[in-house]
Amino acid sequence: RSETEELQSTVRKLRPYSPVGYSLGDENQIAITCHSEHCIRAYRQWLKEQFKELAALNRRYDTDFKSWDEAMWPKFEETHDSHGKLAAWYDRQRFTDWTFNNAHLICKSAIESVAPGARVGYSSFFGPQPERGVDALRNFPWATFNNQYQDSRWEDLMRAYSPRDSHRAVIQGTYSGYKHRLEFVCYPWIEFFRGANGKMWWRGQYFKDATSCLDPGYSPLPPFDNTIKMANEVRRGLLHLFQEYEFQNAGIRVLYSMPD
């Protein structure tokens, strides 16, 4: 509760400035498994909701739990011992995905209670990582503020699963280096055709041989200046032409099988 109250307090301070959106973080992920009593209790409650009956869980895991309080996930190195342990480990990963997504939804609800209609989301994934909570099928459908790396995988997922009225931008800037000039000329066009409707720049500091946006005298550096020119050209041209049209998209289908 204290975390959501602090978040709401921050939003109240920022709201008068009419921000484009509210980001819940950058490169968010769950890197470790929590073994606190709170997490284990939540995990067992999640199992109850998934399986309903303890007997069903025992059949799937090849276990003999006498109560829900005995249920626990195996270590990864144990999963090769039996089919049941692999299924249990996989379900722990599903719980990780659920936890990651639910935590963000709680934050989103807290922000919207203070700023109704606000765009809320997060930024920058390293790629599909379901073992760290990053599940595009869960994360993108509710995120109305998206900023992703230059990665065709995430750009396509963002286009396919984000709400149509969401902010969808690809980040460009310092880490790219100013070694490939065509990158700054072409990407605004490429991203437009991949469904982006915005452009984000990282970061606002100056580094030697790096592509910030401003120099110490607050003049635009060449990479940033080139990108702005290309983005404005997109806005004046194709964006204006296509703004009344919608991308025809059937989504992305993935065929997979459950462990059992």
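We number each residue from 1, following the sequence as shown.
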query = Do other residues, nucleotides or ligands put more than 12 heavy atoms under 6.0 Å from Gln50 CD?
reply = yes
inquiry  = Between Phe95 and Met72, is there shared hydrophobic-cluster membership here, with clusters defined by ILVMFWY side-chain heavy atoms closer than 4.5 Å?
reply    = yes
inquiry  = Treating Arg164 as the side-chain partner and Ser162 as the backbone partner, does any N or O pair qualify as donor plus acceptor under 3.5 Å?
reply    = yes
inquiry  = I want to check something: taking the side chain as every heavy atom from C-beta on, are Arg12 and Thr10 in contact at a cut-off of under 4.5 Å?
reply    = no
ask   = Do NZ/NE/NH1/NH2 and the carboxylate oxygens of Glu112 and Lys108 come within less than 4.0 Å?
value = yes
task = Return yes if some donor-acceptor pair links the side-chain N/O of Asn58 with the main-chain N/O of Ala56 below 3.5 Å, else return no.
result = no
message = Please report the interatomic distance CG(Leu14) to OG(Ser9), rounded to the nearest 0.5 Å.
response = 9.5 Å
inquiry  = Tell me whether Arg168 contacts the main-chain N or O of Gly195 through its side chain, where contact means a donor paired with an acceptor under 3.5 Å.
reply    = yes
message = Looking at Arg119 and Asp165, is there a salt bridge between them, counting it only when a charged N and a carboxylate O are closer than 4.0 Å?
response = no
query = What's the verdict on side chain to side chain contact (heavy atoms under 4.5 Å, CB included) for His104 and Asn139, showing C-alpha distance, side-chain angles and the deciding distance?
reply = CA-CA 9 Å; His104 286 79; Asn139 307 150; over 6 Å; no
query = Rounded to the nearest 0.5 Å, what separation is found between the CD1 atom of Ile111 and the CG atom of Leu24?
reply = 5.0 Å
inquiry  = Using side-chain hydrogen bond (donor to acceptor under 3.5 Å, both in side chains), reason through Glu27 and Ser123 one step at a time and then give a plain yes or no.
reply    = CA-CA 6 Å; Glu27 298 181 0; Ser123 304; over 6 Å; no
request  = Show your working on side chain to side chain contact (heavy atoms under 4.5 Å, CB included) between Val20 and His167 and close with a plain yes or no.
outcome  = CA-CA 8 Å; Val20 174; His167 166 88; 3.9 Å; yes
key: From Gln8 atom CD to Arg15 atom CZ, the distance as rounded to the nearest 0.5 Å   = 12.0 Å
ask   = Could you state the interatomic distance from OG (Ser23) to CE (Met200), rounded to the nearest 0.5 Å?
value = 8.0 Å
query = Once you round to the nearest 0.5 Å, how far does CG of Leu137 lie from CG of Leu157?
reply = 7.5 Å
task = Evaluate the criterion side chain to side chain contact (heavy atoms under 4.5 Å, CB included) for residue pair Thr63 and Leu57; output intermediate values, then yes/no.
result = CA-CA 8 Å; Thr63 52; Leu57 180 140; 4.2 Å; yes
ask   = Do Asn146 side-chain atoms and Ala143 backbone N/O form a donor-acceptor pair below 3.5 Å?
value = yes
message = Show the nearest heavy-atom pair for residues Phe100 and Ile30, with the distance to one decimal.
response = CB-CD1, 3.6 Å
query = Are Tyr90 and Tyr61 close enough that their ring centres sit under 6.0 Å apart?
reply = no
message = Working note: Glu70 + Ser67, criterion side chain to side chain contact (heavy atoms under 4.5 Å, CB included); need CA distance, chi angles, decisive distance, verdict.
response = CA-CA 6 Å; Glu70 296 180 14; Ser67 72; 3.8 Å; yes
ask   = In Å, rounded to the nearest 0.5 Å, how long is the span from CG of Asp97 to CZ of Arg92?
value = 10.0 Å
message = Taking salt bridge (charged side-chain N to carboxylate O under 4.0 Å, His left out) as the definition, give me every residue that meets it alongside Lys48, ordered by chain and number, with sequence neighbours left out.
response = none
task = Would you name the heavy atoms of Ala110 and Ser113 that are closest together and state the gap between them?
result = O-OG, 2.6 Å
Atom of Ala118, atom of Thr144 and distance for their closest heavy-atom approach = O-OG1, 4.0 Å
query = For Trp98, does its backbone N or O pair with a side-chain atom of Asn102 as donor and acceptor, under 3.5 Å?
reply = no
ask   = Less than 4.0 Å between a side-chain N and a carboxylate O, is that true for Asp91 and Arg94?
value = yes
task = Would you mind reporting whether Asn147 and Val170 have side-chain heavy atoms less than 4.5 Å apart?
result = no
key: Asn197 side chain to Ser166 backbone, donor-acceptor under 3.5 Å   = yes
key: Greater than 12 external heavy atoms within 6.0 Å of Glu53's CD   = no
query = Got a donor-acceptor contact below 3.5 angstrom from the Gln45 side chain to the Arg41 backbone?
reply = no
request  = Could you name each residue pair satisfying ring pair (Phe, Tyr, Trp, His ring centres under 6.0 Å) that touches residues 20-41, not counting sequence neighbours?
outcome  = His35-Trp73
task = For the pair Tyr43 and Trp46, name the ring-plane relationship: parallel under 30°, tilted 30 to 60°, perpendicular over 60°.
result = parallel
message = Is the distance between the ring centroids of Tyr122 and Trp142 under 6.0 Å?
response = yes
